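Everything numeric here is computed off the predicted structure, so don't read it as measured data. All chains are named by letter (A, B, ...) in the order of the sequence lines, taking the proteins before the strands, and each is independently numbered beginning at 1. Atom set for the values below is all heavy atoms of this structure, side chains included, hydrogens, waters and symmetry mates excluded.
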Amino acid sequence: MAEEIKITFPDGSTKAFPKGISGEEVAKSISERLLNDAVAVKIDGEPKDLYIPIDKDCELKIMTSREDESIDIYRHTTAHLLANAVKELFPESKIAIGPTIEDGFYYDFDRETPFTPSDLEKIEEKMVEISKRALPIRREEMTWQEAKELFEKENEPYKAELAYEKGQNGKVSIYRQGEFTDFCRGPHLTNTSKIKEGTFKLLSIAGAYWKGDEKNKMLQRIYGTSFFSKKELQEYLKKIEEAKERDHRKLGKELDLFSVSEEVGGGLILWHPKGAMVRKLIEDFWRDEHLKSGYEFVYTPHVGKSALWETSGHLDFYKENMYPSMEMEHQTFYTKPMNCPFHVMIYKSRHRSYRELPLRWAELGTVYRYEKSGVLHGLMRVRGFTQDDAHLFVPPDKMEEEVIGVINFTLKMLKAFGFEEFTAYIATKPEKAVGETQRWEDATKALQRAAQNARISYEFDEGGGAFYGPKIDIKIKDALRRDWQLSTVQFDFNLPEKFQLEFIASDNRPHRPYMIHRALLGSLERFFGILIENFKGAFPLWLSPEQIRIMPIADRHVSYAEKLSTQFKSRNLRVSVDSRTEKINLKIREAQLEKIPYMLIVGDKEIESETVSVRTRSGGDRGGKKISEFLEDVERRIHEKDLNLE
RNA sequence: GCCGAUGUAGCUCAACGGUAGAGCAGCGGAUUUGUAAUCCGUUGGUUGGAGGUUCAAGUCCUCUCAUCGGCUCCA
């Protein structure tokens with residue numbers, strides 16, 4: 001009689017099976033349909049291939065497309081299909097790595113001639129062909145020495161190297177499908193035919209260093225994605241199109257918000273009048289809120305002498321990101337990459353008493369940082385930008401309270417711009433760090449309590465803090481559910497030491513304050529870019545550079561329009577009159593393309609009844625309204641920062 | 001910085017190695033108009049820059065600048 005093993009299912013039920021049964025057979029015993037949907041199994045929480053014999057009692061879960069992790073297996077098998085196709089079409093290519101990533105997968109190849117877009121089409125066709133061959137995909141385990149030898153024989157040096165690196169803690173595994181062999185942890189689908197035509201797409205080609213290191217050889221990377229269904233793939237491709245439509249660089253040009261000029265230099269932003277108006281509105285709001293929250297403002301210079309940057313440590317740790325030095329009167333100056341040393345110098349300008357702490361000093365400080373030319377990206381990654389910076393100097397006993405205050409303030413600010421979903425990441429002490437361990441622990445705990453207090457979800461990034469202190473970063477989700485990191489609150493144990501910061505406490509002795517560095521919006525440039533993409537250029541009423549455009553039907557209605565305009569302007573509304581001798585359809589079309597929230601059409605009817613005909617960019621013709629009624633509604637929406645117009 | 005792609009009028013894009021074009025915008029004129037484009041006319045270019053090959057270069061080659069997609073989310 002065959003030996004039996006006991007398998008426990010996720011619902012808690014238990015059943016006996018003959019020893020050596022495979023996940024596939026277990027699935028089949030439950031239903032044919034489950035067998036069909038099965039991607040892999042989880043044995044005691046470990047994902048395994050479906051055909052692996054099970055030889056001991058265990059908890060077992062059949063993984064289907066319903067599990068979140070399953071898509072990674074599907075994509076990983078698609079990546080192997082890609083590599084298989086490349087090896088058939090271009091046998092001289094050497095395979096490197098092919099992992100799954102957030103929205104798909106990639107595979108790196110070493111090949112003399114780079115792939116072209118038309119190669120991608122050929123590769124896709126070959127992938128379909130290999131899928132149709134219905135090759136079984138099988139796992140083999142061996143020692144790393146055997147794997148290394150195997151890949152050396154196959155002239156795959158990258159795989160051989162990986163076998164050595166990954167094999168130091170026991171056995172390694174390879175997967176075979178037909179003639180193709182890959183070094184891989186698995187698990188995988190059981191057959192190439194499981195990757196269905198129309199569920200995958202190769203997206204782009206890029207260069208990538210072996211192991212991401214600039215010193216290593218540049219490989220050719222192919223990006224692609226796949227989904228369980230054609231429909232999901234189509235939706236994903238649509239989302240990419242949608243993101244292109246929202247691209248802040250495209251909208252920035254179309255809406256005349258900003259530009260970057262080759263003659264000025266890459267990564268240096270020119271704010272056009274409309275963009276500058278949005279910035280002004282953000283800044284006004286920002287200042288008002290800071291005053292309400294007990295901040296004071298400071299202004300500091302754009303350059304400082306080298307001694308300052310030596311003391312601060314920037315010339316040791318940050319020099320490669322700083323603009324080169326300037327010589328003047330036998331002195332060396334640097335353009336500032338950060339505002340902190342200047343704020344510290346204000347602190348040091350006289351003795352500080354515990355009675356005046358905490359001090360909260362904010363500045364919209366423009367800094368310059370050298371970024372490699374290849375990484376510059378519209379407003380998102382630039383070389384000159386304005387941080388919404390602040391530094392807090394806090395006595396130890398008020399540190400936690402202060403951190404809680406900052407986090408709550410941050411969320412209030414972000415919510416005003418329509419962001420509702422936040423995640424926090426708390427970065428803890430790295431290996432190389434300054435400051436006493438006790439301070440690190442206290443500060444990290446304070447950050448955690450602040451996140452709890454604000455009821456936002458948070459994760460720890462162990463060892464991810466800067467050398468000078470722990471930090472909490474807050475990410476938001478935008479309208480396309482993309483993550484953006486905006487806010488950061490960082491402790492700094494370095495500068496107070498370096499600059500010997502002190503305050504006189506009630507014991508009449510000097511003590512060292514905590515210093516907290518924080519930015520809420522990050523930088524105005526980047527934040528503006530995110531706002532453009534989030535709202536697709538249709539800024540909320542309170543942020544719109546032009547809120548209302550009045551459009552007279554004919555010349556005889558212009559004076560009425562002008563009268564309204566004057567009245568609106570006196571109430572601080574941003575309004576213009578389109579008095580051109582053009583048809584109303586054209587005026588509407590242009591205002592609509594400029595995404596102006598309210599269009600007011602005035603003609604004989606409106607003059608007669610002292611009304612305006614209201615049209616919104618989002619809802620079309622809203623009909624006639626009394627002027628007072630319209631004003632009341634608009635002013636209320638501005639005051640409430642309403643995201644809607646109707 | 002590195003790999004690849006791209007660079008033509010203000011914008012979006014055409015042009016087998018053989019005279020650089022279109023639409024929109026701009027400008028001039030006509031039209032006085034009711035909820036997403038009125039009509040006619042017209043200006044506009046050292047084809048990113050510098051060299052080279054050729055009888056002839058937007059097109060081919062070299063260099064250079066800029067922009068775009070990427071450059072370890074662990075086989």
Open item on the list: Once you apply a heavy-atom cut-off of 4.0 Å, does A:Ile174 come out as touching a base, just sugar-phosphate, or nothing?
Closed with: nothing

Task: Distance between P atoms of B:U59 and B:U46 (Å, rounded) - done: 15 Å

- [ ] Would you kindly give the CD1-to-P distance between A:Ile205 and B:C3, to the nearest whole Å?
- [x] 16 Å

Open item on the list: Can you see if the side chain of A:Tyr106 gets near the phosphate of B:U72 - specifically, an N or O under 4.0 Å from OP1 or OP2?
Closed with: no

Open item on the list: Closer than 4.0 angstrom, basic N to acidic O: yes or no for A:Asp119 and A:Lys122?
Closed with: yes

Open item on the list: Keeping A:Glu606 on the side-chain end and A:Gly603 on the backbone end, is there a donor-acceptor pair under 3.5 Å?
Closed with: yes

Task: Distance between P atoms of B:U47 and B:A57 (Å, rounded) - done: 12 Å

Task: Separation of A:Ile426 CD1 from A:Ile472 CD1 (nearest 0.5 Å) - done: 4.5 Å

Open item on the list: Categorize A:Glu606 for me: base, sugar-phosphate, or nothing, with a 4.0 angstrom heavy-atom threshold over every strand shown.
Closed with: base

TODO: For A:Trp271 and A:Phe258, run ring-ring contact (aromatic ring centres under 6.0 Å, His included): C-alpha distance rounded to whole Å, both residues' side-chain angles, the deciding distance at 0.1 Å, then the answer.
DONE: CA-CA 5 Å; A:Trp271 294 71; A:Phe258 72 92; 7.6 Å; no

- [ ] Give the rounded distance in Å between these two atoms: CZ of A:Arg589 and P of B:A25.
- [x] 9 Å

Open item on the list: Please give the distance between the P atoms of B:U31 and B:C40 as a whole number of Å.
Closed with: 16 Å

Open item on the list: Between B:C24 and B:A14, how far apart are the two C1' atoms, rounded to whole Å?
Closed with: 15 Å

TODO: By nearest nucleotide on RNA chain B, pick out whichever of A:Ile101 and A:Val260 is the more 5' one.
DONE: A:Val260

TODO: Convert the base pairs of RNA chain B into dot-bracket notation, remembering that pairs crossing earlier ones are written with [ ] and that bases paired across to another strand are shown as |; include only Watson-Crick or G-U pairs under 3.5 Å.
DONE: (((((((..((((....[..)))).(((((.......))))).....(((((..]....))))))))))))....

TODO: Whole angstrom is fine here: how far is it from CG in A:Leu202 over to P in B:G4?
DONE: 20 Å

Task: Whole-Å distance separating the CG atom of A:Leu120 from the P atom of B:G70 - done: 14 Å

Task: Euclidean distance, atom CD1 of residue A:Ile588 to atom P of B:A37 [Å, nearest integer] - done: 9 Å

Open item on the list: Give me the atom names and distance for the closest heavy-atom approach of A:Ile550 to A:Ser565.
Closed with: CD1-N, 3.7 Å

TODO: Would you mind classifying the nucleic acid contact of A:Ile584 as base, sugar-phosphate or nothing, using non-hydrogen atoms under 4.0 angstrom?
DONE: sugar-phosphate

- [ ] By nearest nucleotide on RNA chain B, pick out whichever of A:Leu586 and A:Lys159 is the more 5' one.
- [x] A:Leu586

Task: Presence of A:Arg249 side-chain N/O under 4.0 Å of B:C68 phosphate oxygens OP1/OP2 - done: yes

- [ ] Give a yes or no on whether a salt bridge exists between A:Glu241 and A:Lys244, defined as a side-chain N under 4.0 angstrom from a carboxylate O.
- [x] yes

TODO: Under 4.0 Å between any heavy atoms, over every strand shown, what does A:Asn585 touch: base, sugar-phosphate, or nothing? Just pick one.
DONE: sugar-phosphate

Open item on the list: Within the 4.0 Å heavy-atom criterion, would you say A:Thr116 contacts the bases, only the backbone, or no part of the nucleic acid?
Closed with: nothing

TODO: Indicate whether OP1 or OP2 belonging to B:G69 is found under 4.0 Å from a side-chain N or O atom of A:His377.
DONE: yes

Open item on the list: Taking the C1' atom in each of B:C11 and B:G26, what is the distance between them to the nearest angstrom?
Closed with: 12 Å

- [ ] Would you mind reading off the distance between A:Lys372 atom NZ and B:A66 atom P, rounded to a whole angstrom?
- [x] 15 Å

Task: Whole angstrom value for the distance that separates C1' of B:A66 from NZ of A:Lys253 - done: 12 Å

TODO: Check every strand shown and say whether A:Asp213 touches a base, only sugar-phosphate, or nothing at a heavy-atom separation below 4.0 Å.
DONE: nothing

TODO: Quick one: label A:Ala208 by what it contacts on the DNA or RNA (base, sugar-phosphate, nothing), any heavy atom closer than 4.0 Å.
DONE: sugar-phosphate

Task: Check against ring-ring contact (aromatic ring centres under 6.0 Å, His included), A:Tyr323 and A:Tyr370 - done: CA-CA 6 Å; A:Tyr323 269 64; A:Tyr370 167 70; 7.3 Å; no

Open item on the list: Just to be sure I understand the rule, does A:Arg221 reach a base, reach only the sugar-phosphate, or reach nothing, if contact means heavy atoms closer than 4.0 Å?
Closed with: sugar-phosphate

Task: Neighbour count above 12 (heavy atom, 6.0 Å) for A:Lys239 NZ - done: yes

Open item on the list: Please pick, from B:U32, B:G34, B:U38, the nucleotide with the shortest atom-to-atom distance to any side-chain atom of A:Thr581.
Closed with: B:U32

- [ ] Nearest whole angstrom, please: distance from the C1' of B:A30 to the CG of A:Asp555.
- [x] 14 Å

Task: Separation between the P atoms of B:G23 and B:G17, rounded to whole Å - done: 25 Å

Open item on the list: Rounding to an integer number of angstrom, what distance separates B:C2 and B:U43 when you compare their C1' atoms?
Closed with: 45 Å

Open item on the list: Between the base of B:G70 and the side chain of A:Gln220, is there a donor and acceptor pair under 3.5 angstrom?
Closed with: no

Open item on the list: Taking the C1' atom in each of B:U67 and B:G28, what is the distance between them to the nearest angstrom?
Closed with: 36 Å

- [ ] Salt-bridge test for A:Arg249 and A:Asp247: reply yes if a basic N is under 4.0 Å from a carboxylate O, no otherwise.
- [x] yes

- [ ] Give one of base, sugar-phosphate or nothing for A:Tyr223, where a contact means two heavy atoms less than 4.0 Å apart.
- [x] sugar-phosphate

Task: Passing candidate, salt bridge (charged side-chain N to carboxylate O under 4.0 Å, His left out) with A:Lys87, options A:Glu154, A:Glu156, A:Glu92 - done: A:Glu156

Open item on the list: Classify A:Gly603 by what it touches in the nucleic acid, base, sugar-phosphate, or nothing, heavy-atom distance under 4.0 Å.
Closed with: base

